[in-house]
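One structure below.
Order of the sequence lines fixes the chain letters, A, B, ..., with proteins taken first and strands second; residue numbering starts at 1 for each chain.
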Amino acid sequence: MSQRLLPVSDYDLGATLACGQAFRWKSAANGWVGVIGNRWVRLAEQPKGLLATVAEPTTDWDWLEDYLQTRLDFDAVLRSFPNDAPLRAAVTACHGLRLLKQEPWECLASFICSSTKRIVQIQQIVENLCECFGAPVTVPVGHAPAYSFPSPERIAAAGEAELRACKMGFRAPNLLRTAVLVANGAVDLQALRLLPVEQAREELIQLPGVGRKIADCVLLFAYGFQEAFPVDVWVRKALRQLYFPKRRPSAARLLKFSQTHFGPYAGYAQQYLFHYMRTVRPRSTERSP
DNA sequence: TCAGACCCTCACAG
DNA sequence: ACTGTGAGGGTCT
């Protein structure tokens with residue numbers, strides 16, 4: 001085992017790991033336990049930062065600081081937000097919520113499984129996938145077995161029925177076909193990093209089961225395109241209720257607004273509005289006429 | 001723009 | 001306890 005304190009402030013670990021951007025973290029007695037790549041990881045909030053524990057000895061922590069984005073100038077993100085009442089309220093209520101930087105394939109595959117699913121159900125599907133097709137990773141003595149997220153090659157080699165057995169329903173053929181395209185090199189997920197955001201989005205939308213919303217999730221949560229702004233049912237509600245309470249803007253109008261109003265870190269703003277809507281104001285989401 | 005289909009699970013009524 | 005019902009971080013036609 002190895003331990004390391006990653007110095008950081010204003011980092012709400014629970015909100016960040018459980019808000020629906022990543023699906024592999026579980027709350028445990030002394031922190032949060034998950035798998036990043038092929039490493040078992042436990043994270044805990046401490047006064048001076050995040051205490052990380054990994055199963056195998058290591059001196060390299062760059063991969064974890066990259067995943068957690070602990071070196072990000074968080075104040076600069078908050079300062080970049082437009083000074084409007086809804087966003088101020090969301091930031092106050094969800095202070096310390098952060099965005100992770102995940103591995104593209106895992107993020108893409110997870111969000112293909114996300115359509116019209118609740119977060120807990122997505123977590124269940126991803127867990128099933130990892131247990132069925134992932135590789136065992138080293139865990140500390142006494143801990144439950146853990147598995148890596150399965151490679152595109154491994155999923156491409158599975159049958160649709162095997163994937164459906166992971167409870168993903170009609171998403172199975174989409175995940176299977178996308179895994180084939182990634183595994184055989186028809187799509188190069190690493191190369192997307194180098195493209196402008198619009199082109200990277202076009203590439204992702206070509207994949208079966210990937211529309212605008214899921215593409216934007218991957219652009220934001222995996223590739224770090226901070227301007228990507230996924231619009232789902234929750235964010236649509238937030239925008240309509242908080243910014244257009246007396247009008248009925250079209251989807252196109254909302255998309256335009258989301259791209260122009262929130263600035264260079266629009267994706268961060270999106271996550272604050274999403275989390276605010278789901279946690280702080282759940283009752284006010286009831287049937288908007 | 002606008003349905004409707006698509007799998008399956010869970011929360012919630014009754 | 002049971003069954004019925006609706007909807008869930010969408011996508012595709």
Side-chain angles (χ1 to χ4, degrees), chain A residues 15-25 90 94 97-100 102 104 106-129 132 158-179 181 187 201-223 225 228-242 247-256 258 266-283 285-288:
Chain A
T16 299
L17 298 180
C19 70
Q21 58 179 318
F23 302 101
R24 299 213 58 194
W25 294 96
C94 313
L97 178 64
R98 304 287 197 117
L99 289 184
L100 303 169
Q102 304 176 58
E106 176 173 338
C107 186
L108 172 63
S110 298
F111 275 96
I112 286 175
C113 298
S114 76
S115 61
T116 49
K117 281 288 182 189
R118 297 179 187 179
I119 290 176
V120 286
Q121 294 177 309
I122 304 165
Q123 291 169 334
Q124 186 61 54
I125 293 169
V126 170
E127 183 173 3
N128 292 339
L129 269 177
C132 286
E160 182 181 323
E162 281 187 283
L163 295 180
R164 281 181 186 261
C166 294
K167 316 243 174 135
M168 69 180 68
F170 63 78
R171 303 153 195 83
N174 291 334
L175 179 62
L176 180 56
R177 290 166 59 205
T178 291
L181 290 171
V187 173
R201 181 183 293 118
E202 287 302 311
E203 293 287 314
L204 288 170
I205 288 180
Q206 303 303 316
L207 297 167
V210 181
R212 171 73 191 235
K213 187 268 173 182
I214 289 176
D216 278 349
C217 284
V218 178
L219 292 172
L220 179 62
F221 300 143
Y223 290 104
F225 288 106
F229 195 101
V231 178
D232 59 38
V233 290
W234 288 95
V235 173
R236 197 181 336 276
K237 275 182 193 169
L239 294 179
R240 284 189 170 148
Q241 288 186 14
L242 302 175
R247 279 177 282 173
R248 186 69 196 215
S250 67
R253 179 73 189 90
L254 284 181
L255 185 60
K256 182 72 176 175
S258 74
Y268 252 95
Q270 179 270 357
Q271 201 60 14
Y272 271 91
L273 293 174
F274 175 72
H275 198 246
Y276 180 58
M277 215 58 188
R278 281 174 38 86
T279 57
V280 183
R281 308 187 21 143
R283 295 181 56 79
T285 65
E286 291 170 11
R287 65 176 64 233
S288 53

For [X], answer base if it contacts any base atom (sugar-phosphate contacts may also be present), sugar-phosphate if it contacts only those atoms, and nothing otherwise; contact means non-hydrogen atoms under 4.0 Å.
X        : answer
A/Gln270 : base
A/Glu160 : nothing
A/Gly209 : sugar-phosphate
A/Cys19  : base
A/Gln124 : nothing
A/Val120 : nothing

Legend entry - Heavy-atom closest pair, residues A/Gln102 and A/Gln21: NE2-O, 2.6 Å

Legend entry - Heavy-atom closest contact (A/Pro230 atom, A/Lys213 atom, distance): CB-O, 4.0 Å

Inset, instruction - Provide the Watson-Crick or G-U wobble partner of C/dG9, both distances under 3.5 Å; none if there is no partner. - result: none

To the nearest Å, give me how far apart [atom1] ([X]) and [atom2] ([N]) are.
X        : N      : atom1 : atom2 : answer
A/Leu255 : B/dT1  : CG    : P     : 11 Å
A/Lys256 : B/dT1  : NZ    : P     : 14 Å
A/Arg201 : C/dG10 : CZ    : P     : 17 Å
A/Trp234 : C/dA7  : CH2   : C1'   : 11 Å
A/Arg236 : C/dT11 : CZ    : P     : 10 Å
A/Leu207 : C/dT11 : CG    : C1'   : 13 Å
A/Phe23  : C/dG8  : CZ    : C1'   : 13 Å
A/Ile205 : C/dT11 : CD1   : P     : 8 Å

Legend entry - P gap between C/dG6 and B/dG4, integer Å: 15 Å

Inset, instruction - Determine the interatomic distance between P on C/dG9 and the same-named atom on B/dT1; round to the nearest Å. - result: 25 Å

Legend entry - Ring-on-base stacking B/dC7 with A/Phe170 (under 5.5 Å, under 30°):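 No, A/Phe170 does not stack on the base of B/dC7.
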
Please confirm whether the backbone N or O of [Y] pairs with a side-chain atom of [X], one donor and one acceptor, at under 3.5 Å?
X        : Y        : answer
A/Thr178 : A/Leu207 : no
A/Tyr223 : A/Pro104 : no
A/Arg171 : A/Ser114 : no

Is a donor-acceptor contact shorter than 3.5 angstrom present between the side chain of [X] and the base of [N]?
X        : N     : value
A/Arg171 : B/dC6 : no
A/Gln121 : C/dG9 : no
A/Lys117 : B/dC8 : yes

Inset, instruction - Identify which nucleotide among C/dG9, C/dG10, B/dT9 has an atom closest to any side-chain atom of A/Lys167, counting heavy atoms from C-beta outward. - result: B/dT9

Legend entry - Between A/Phe229 and A/Phe274, ring centroids under 6.0 Å: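 Between A/Phe274 and A/Phe229, which both carry aromatic rings, the centre distance is not below 6.0 Å.
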
Inset, instruction - Report the residue (A/Pro208 or A/Pro230) whose heavy-atom-nearest nucleotide on DNA chain C is the more 5′ of the two. - result: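 First, find each residue's nearest nucleotide; the 5'-ward one identifies A/Pro230.
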
Inset, instruction - Verify the contact: side-chain N or O of A/Arg164 to OP1 or OP2 of B/dC7, cut-off strictly under 4.0 Å; return yes or no. - result: yes

